[in-house]
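Order of listing sets the numbers, starting from 1, for every ligand and every atom in it.
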Amino acid sequence: MDHKLVSSWYNHHTSVPQSYVQPPERRPCNAVLSTNKKIPVIDLGGQDRDDIIRNIIISSEEYGFFQVVNHGVAKDLMEETLRIFKEFHAMPPNEKVIESSKDPNGSCKLYTSSGRNVEDVAKYWKDSLKHPCPPSGEFIQYWPEKPEGYREIVGKYTQELRVLGLRILDLISEGLSLGPNYFVGELSENPVVISHHYPPCPEPSLTLGASKHKDPNILTILFQEPNITALQVLKDGAWIPVEPIPNAFVVNMGFMLQVITNGRLIGAEHRVITNASPSRHTIAYFINPSKEAIIGPAKSLISSTSPPIYPSMAFGELLQNFLNKGPYFEPQFRL
Ligand SMILES: O=C(O)CCC(=O)C(=O)O
Ligand SMILES: [Fe+2]
């Protein structure tokens, strides 16, 4: 694995290897960019709870994305966590492999490109470290021990992100009248954290850091490094760049939330472009259900005038279908 990591070889190249060149229709240089739309920003510290809920629902219906400020996660903890992940990706390749291979069952994983067994038409300019981070503390013995302080800092960060995630889901369930604690328990039991590293790329116009995709989960909370714009959200055929705001988080709905809300909130498609410099790091916190949790339209959202548009299925099975069939899955899955 170590020689395959983009970070291990990118600085020996002045052009991108052919296997990283995207087909013309996917290249950032041929993309239509949105000129007048912006991802909404929501102040979670605002006084008017109803107003916050209204903004969250409108943004989730319209964009499937919003950014949050005054979210309650300490700036120092965000910076510390970003620092520790940056240090991880800067370690020698063999050390990164050792630190991320402690679980024989592979719960903690260091991968490059999409991490899928079957590659897409072209590879992606990215290395990622991924592991579960459940509130029970299970799996922590398989997390990296280096850089020093990793487990303590990432443990603290993921606990705080869980609090924030459940708070946002609570506001969503109130906004949609799903009833209290709708997402507490099996719908949010299996969170995962991924630290993405997008090294500098000599030909950003030809490459992508991550493909166009919907997240296959309930909700994602992303911390992106300031000053580098690379995340783009697809709306009405044009890409909206998600400008980083210092100390803000980007929040997006996953496909499972789209199903639960019977298509009312959208799991928007998004992708990541590359930059000539500097390198970019992001931290994605994914709220995932347990494998057995049944994902289907919430009963309170369906009626004779609003029938279910999706069937119900165990998360494990739904995820497999979603990952195996890719973009063809969603139209097939509709009732
Ligand atoms: O790194 C980013 O900007 C986005 C990552 C992402 O979309 C994901 O992990 O699903
Ligand atoms: Fe994503």
Item to check | Nearest option to atom 4 (C) of ligand 1, as decided by whichever heavy atom of Asp215, Ile228, Val272 sits closest | outcome: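 The residue whose heavy atom sits nearest atom 4 (C) of ligand 1 is Val272.
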
Item to check | Heavy-atom nearest neighbour of atom 8 (C) of ligand 1 within options His196, Gln232, Arg280, Glu225 | outcome: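 Residue with the shortest heavy-atom distance to the ligand atom: His196.
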
Checklist entry - Closest N/O/S atom of Asp215 to the Fe ion (ligand 2), by atom name? => result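 Checking each N, O and S atom of Asp215, the shortest distance to the Fe ion (ligand 2) belongs to OD1.
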
Checklist entry - Any donor-acceptor pair under 3.5 Å linking the side chain of Lys4 with the backbone of Tyr111? => result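 Judged by distance alone, no pair lies under 3.5 Å.
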
Checklist entry - Considering only heavy atoms of His270, which atoms of ligand 1 have at least one such atom less than 4.0 Å away? => result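 Those atoms are 7 (O).
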
Checklist entry - Between Ile194 and ligand 1, which residue portion shows a heavy-atom distance shorter than 4.0 Å: side chain, backbone, both, or neither? => result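 None of Ile194 does.
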
Checklist entry - ligand 1 versus Gln224, non-hydrogen atoms closer than 4.0 Å: side chain, backbone, both, neither? => result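 Neither part.
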
Checklist entry - Just wondering, more than 12 heavy atoms not from Asn227 lying within 6.0 Å of its CG? => result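 Count not over threshold, so no.
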
Checklist entry - Are His131 and Phe139 close enough that their ring centres sit under 6.0 Å apart? => result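 Ring centres of Phe139 and His131 not closer than 6.0 Å.
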
Is [X] salt-bridged to [Y], cutoff N-O under 4.0 Å?
| X | Y | answer |
| --- | --- | --- |
| Glu80 | Arg83 | yes |
| Asp51 | Arg54 | yes |
| Arg334 | Glu330 | no |

Item to check | Protein heavy atom at shortest distance from atom 2 (C) of ligand 1 | outcome: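 Checking every protein heavy atom, the shortest distance to atom 2 (C) of ligand 1 gives Tyr198 OH, 3.3 Å.
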
Next on the checklist: What do you get for the angle at the Fe ion (ligand 2) between NE2 on His270 and NE2 on His213, to the nearest 10 degrees?
Outcome noted: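 Approximately 90° at the metal, rounded to tens of degrees.
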
Item to check | ring-ring contact (aromatic ring centres under 6.0 Å, His included) against His196, all qualifying residues, sequence neighbours excluded | outcome: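 His196: ring-ring contact (aromatic ring centres under 6.0 Å, His included) contacts with Tyr198.
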
Next on the checklist: With a 4.0 Å cut-off on heavy atoms, is His213 in contact with ligand 1?
Outcome noted: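 Heavy atoms of His213 do come under 4.0 Å of ligand 1.
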
